[in-house]
Protein chains: 2
Amino acid sequence: MKKNTKKIKLAVIATLSCLVMQSMSVSPLYVEAAGSSSDRPQTHRLPANADNVRWGNIGVGKPALSVNSGDIITVEAVTHHSGDDYERMIEGDAGVEDIFHWTKEEKNESERAPGVHILTGPIEVKGAEPGDVLEVRILDLNLRPSGNPAHKGKTYGSNAAANWGYLYGDMVEEPKTREVITIYEMETYGSANYAKAAYSYTWTPQTDPDGKVHDTIDYPGVVVDHDTVVKNTDILKDVRIPVRLHFGTMGVAPKEADVVDSVPPSYFGGNIDDWRIGEGATMYYPVSVPGALLSVGDPHAAQGDSEMNGTAIETSLTGDIQVILHKKNQLDAKLDGLSFPLLETEKEWVLHGFSYANYLSELGEEAQQTIYKNSSIDKAMKDAAYKTRRFLMDGMGLTEDEAYSLMSVAVDYGITQVVDGNWGVHASIDRGMFNEQATRLVTLRDRFESFGAKVKWNNAEQTAAITYGSNTLVLKAGAAEASFNGKKVKLYAPVRLEEGSVMGSEYFVKIFEAKLMTAK
Amino acid sequence: MKKNTKKIKLAVIATLSCLVMQSMSVSPLYVEAAGSSSDRPQTHRLPANADNVRWGNIGVGKPALSVNSGDIITVEAVTHHSGDDYERMIEGDAGVEDIFHWTKEEKNESERAPGVHILTGPIEVKGAEPGDVLEVRILDLNLRPSGNPAHKGKTYGSNAAANWGYLYGDMVEEPKTREVITIYEMETYGSANYAKAAYSYTWTPQTDPDGKVHDTIDYPGVVVDHDTVVKNTDILKDVRIPVRLHFGTMGVAPKEADVVDSVPPSYFGGNIDDWRIGEGATMYYPVSVPGALLSVGDPHAAQGDSEMNGTAIETSLTGDIQVILHKKNQLDAKLDGLSFPLLETEKEWVLHGFSYANYLSELGEEAQQTIYKNSSIDKAMKDAAYKTRRFLMDGMGLTEDEAYSLMSVAVDYGITQVVDGNWGVHASIDRGMFNEQATRLVTLRDRFESFGAKVKWNNAEQTAAITYGSNTLVLKAGAAEASFNGKKVKLYAPVRLEEGSVMGSEYFVKIFEAKLMTAK
């Protein structure tokens, strides 16, 4: 339970009408994106191609794009597992073909190391300096359609039960060390929010264009020769996997090393592999290097807490993100001294703990090798506990005794992943517990009209249509979903009508204000 | 995120109308409670008093009640932390006073060992034999009001940051080894579904009636002398803890030992401390001894996954439970060979893993002492992974490769508790993925009328009123909550109207059919 938080939500604080405010000033956390129409943020598009991605390295690098705080970027992210089914996941898609291009004579993305993920970026945020905090709002997230006309309107994803999986070598059936690829299929534009298995095959030795044989999944981007595998199409009949689109990897460049393995997540974010990092969520990262250098990749269609077999449903996604820079001398109490990737949704705060909070500095020179031998959930749990206590004390202003009691009676700890070297435990804090500004109700008309959007109430239909440029958001009183440019958007709770006004939370406003400002 | 599953839910499988069935035969999992009005189950009441409880021992014992399969028991469960506030949690409540009665001359419940929980029962289920599976449906769960007229309409609970807590000795403020009691207050009958902190105090040495001084929380039922503590009432202002009522401890007697510490959970259930074991949930336990011998206790108002500081909001609750015996030669594939406590709700299967799947047999003679030194989340995760794989293969008929892929892309692993000796990790499986009988829609009128209930449709209000005896269930089309005898019951999804019929799932029917049959 906890499956349907990937969409934007509307807070409904049913009994707290006393908290409704209309003109209260907003905190630095929210102020940057608000404002009049003249502040309209710049929008950018960062397509995925060999020029705009790096493969396996989340360290510092030459920016693919440079933006200002407040800007909105449509960023394409491509899965490094596309080679598991060339026909469905590469063929006919110019950007993906460009990235995967590898012949005997020529190899694009020749540096696929030390990690495995294709990362779009880095994106430089002008003015970002060490000590600042970078906020990244995920405004929209969509499946990337197959480029192959034979598979029009479909999107495919690959799940690899890989050699780094939790039960590898510990299977009940022989051979115990097998690696199995399962290809999942989704409707790209349909309303169906599930994936179905298409077929699976057991990995066989694959020869890359340079003549090297890969007996196991040990190098990214090797295109599997389907003549060498046996496809099993009779799998997972009648099983529908709920999709929860998210970026498996997103983060800023750390300062501890120049070339950084994209696999282990850490204080700078990276490969957190938390499915909550999806549409409607906001991430906060501590900035370590000038320009922040944000990378985005490893897109997933669905993943469970633990990512047990080594991967999710690895697919390609395109997202709209807005970046907001918080300068170090103006940080909110929750962000001041932030030392880990923090997730915010309308409903919860999610704190990410790891076996090593900062493995690069804690494990010395050989950190990037050592981390794989030292992970444990027990260590990650201790880290998550410490982070929760600190967040509740410093961020929420509680005493240690108050914080510790809440941690026991109201905070849920889950196992993020056990396959990324630096294993993860996350703490979910229900923010409905607190009297937080972001969850307070405001009159949507006031907030949307303040930047020039038009709000039209249809009394017969009990709907509010908010238009700005070519974008239209339709909210319906009592409905748990909205429509944005015709696309259904799930809400945290039904839209609330109060004394003739449609009310939403500050958090709702910050996300939808930015969505309305997105150029399409 | 995941907070609102404590109430009964209605499945809405919107796109699967092809699955709607009206006359399909039901599986052994559901057949026992169905039938004509002549099968009406017997109802019992098991009040909490010194005669009907045991303290600290979940082993075999003389039954407090003997019932048939299908019977419904209103069971009172009392918290062993009531002594933390005698005035609010013991005084004026005859049953609780009886259990806690302890003077220099006389001590009720003189055996408070080897564990700490007050357990109501055991309840003998006639005909139960080793190898059978006992199903326990939690039909209803309510706060127990304070017996003290000065606190009329209130219920109190205690959260102890105890010496067995996860961060004990590891605090940032001095003294690092302090134990802190926080008393929470709730409206017993109100619609408010939250708890607020009333006050807290740091534990001071307490002298029991026998003259023994307890420097620490080392013995259950010691009544705290409030003249020796300093109360801090200025705590957790504006914080509202969402309640999720549940039994911290429920299970059958194991066969490995006669006297069994109530603290470590294991294959037989016991102190699982999973907040999902609440209203609308069903538990399945493997029977190990004749009569099954079910114990119920350790009631909680709210707890987070991990139970970090050692306890939940420990309060007293009264529940209606229905017990269904599944004989070993007629077990459904999901229950055949069951070796752990399995939780079912309308929305999910939850599998409970532990550091040791059966610590009593795995750790030898000294198991009940050794377990406290050997726990780890890493071990519990491995156990939970093995159990998930086995459940998906044997119970759902999947191959190992299918099961392992699902475990990675769709199963969520959480940390149940890190404070009960045998630490827990649970696996949540979204059953909406499967084409399971229990989640298929049936016409409620047919199912309810088949045992003699009256169903009345009000077209103007779009409500269905189902009455049986003095019980009335009111369902409203499109509403995500129902009313049962005037009490609000949250549903998993809004009630669905389809071709003029109100539709619900088999799971919904099994719970509400039993609720309707409960004598009030």
Task: Heavy-atom contact with chain A under 4.5 Å, split by part of B:Asn309 - done: both
- [ ] Could you tell me whether A:Asp412 and B:Arg244 make a salt bridge, using a distance below 4.0 angstrom between a side-chain N and a carboxylate O?
- [x] yes
Open item on the list: Between B:Thr416 and chain A, with a heavy-atom cut-off of 4.5 Å, which part of the residue counts as in contact: side chain, backbone, both or neither?
Closed with: neither
Open item on the list: To check you understand the geometry: which heavy-atom pair defines the closest contact between A:Asp170 and B:Arg389, and what is its length?
Closed with: O-NH1, 3.0 Å
Open item on the list: Could you report the tightest heavy-atom contact between B:Val239 and A:Phe434, atom names first, then the distance?
Closed with: CG2-CD2, 4.0 Å
TODO: Sort B:Met396 into side chain, backbone, both or neither according to what part of it lies under 4.5 angstrom from a heavy atom of chain A.
DONE: neither
- [ ] Go through the atoms of B:Tyr166 and report whether side chain, backbone, both or neither lie under 4.5 Å from a heavy atom of chain A.
- [x] both
Open item on the list: With a 3.5 Å distance limit and no angle check, can you tell me whether B:Asp378 reaches the backbone of A:Ile377 through a side-chain donor-acceptor pair?
Closed with: yes
Open item on the list: If you count heavy-atom pairs within less than 4.5 Å of chain B, which of A:Ala380, A:Gly414, A:Ser405, A:Ser306 leads?
Closed with: A:Ser405
Open item on the list: Report which part of B:Ser200 has an atom under 4.5 Å of a heavy atom belonging to chain A: side chain, backbone, both, or neither.
Closed with: neither
Open item on the list: Please identify, among A:Glu307, A:Met381, A:His300, the residue contributing the most non-hydrogen atom pairs under 4.5 Å to chain B.
Closed with: A:Met381
Task: Residues B:Glu400, A:Lys176: salt bridge by 4.0 Å N-O rule - done: no
TODO: Provide the closest heavy-atom pair for B:Tyr404 versus A:Tyr168 in the form atom of the first, atom of the second, distance.
DONE: OH-N, 3.7 Å
Task: Interchain contact, B:Ile235 with chain A, by part (heavy-atom threshold 4.5 Å) - done: both
Task: Contacting region of B:Val411 [heavy-atom separation from chain A under 4.5 Å] - done: backbone
Task: Heavy-atom contact with chain A under 4.5 Å, split by part of B:Asn232 - done: neither
Open item on the list: Counting only non-hydrogen atoms closer than 4.5 Å, does A:Lys382 touch chain B with its backbone (N, CA, C, O), its side chain (CB onward), both, or neither?
Closed with: both
Open item on the list: Out of B:Ala403, B:Ala161, B:Ala385, return the one with the most heavy atom pairs under 4.5 angstrom to chain A.
Closed with: B:Ala385
TODO: Flag the one option from A:Asp238, A:Thr399, A:Val419 with the top tally of heavy-atom pairs under 4.5 Å to chain B.
DONE: A:Asp238
- [ ] Determine yes or no for a side-chain-to-main-chain donor-acceptor pair under 3.5 angstrom, with A:Ser408 supplying the side chain and B:Ala312 the backbone.
- [x] no
Task: Residue among B:Gln417, B:Lys379, B:Lys237, B:Met407 with most heavy-atom pairs under 4.5 Å to chain A - done: B:Met407
TODO: Show your reasoning for whether side chain to side chain contact (heavy atoms under 4.5 Å, CB included) applies to A:Val172 and B:Tyr386.
DONE: CA-CA 10 Å; A:Val172 291; B:Tyr386 289 157; over 6 Å; no
TODO: Go through the atoms of B:Val425 and report whether side chain, backbone, both or neither lie under 4.5 Å from a heavy atom of chain A.
DONE: side chain
TODO: Go through the atoms of A:Asp234 and report whether side chain, backbone, both or neither lie under 4.5 Å from a heavy atom of chain B.
DONE: backbone
Open item on the list: Among B:Val418, B:Val350, B:Asp401, B:Leu398, which residue has the highest count of heavy-atom pairs closer than 4.5 Å to chain A?
Closed with: B:Asp401
Task: Side chain / backbone / both / neither for A:Asn159 at chain B, heavy atoms under 4.5 Å - done: side chain
- [ ] Go through the atoms of A:Leu236 and report whether side chain, backbone, both or neither lie under 4.5 Å from a heavy atom of chain B.
- [x] both
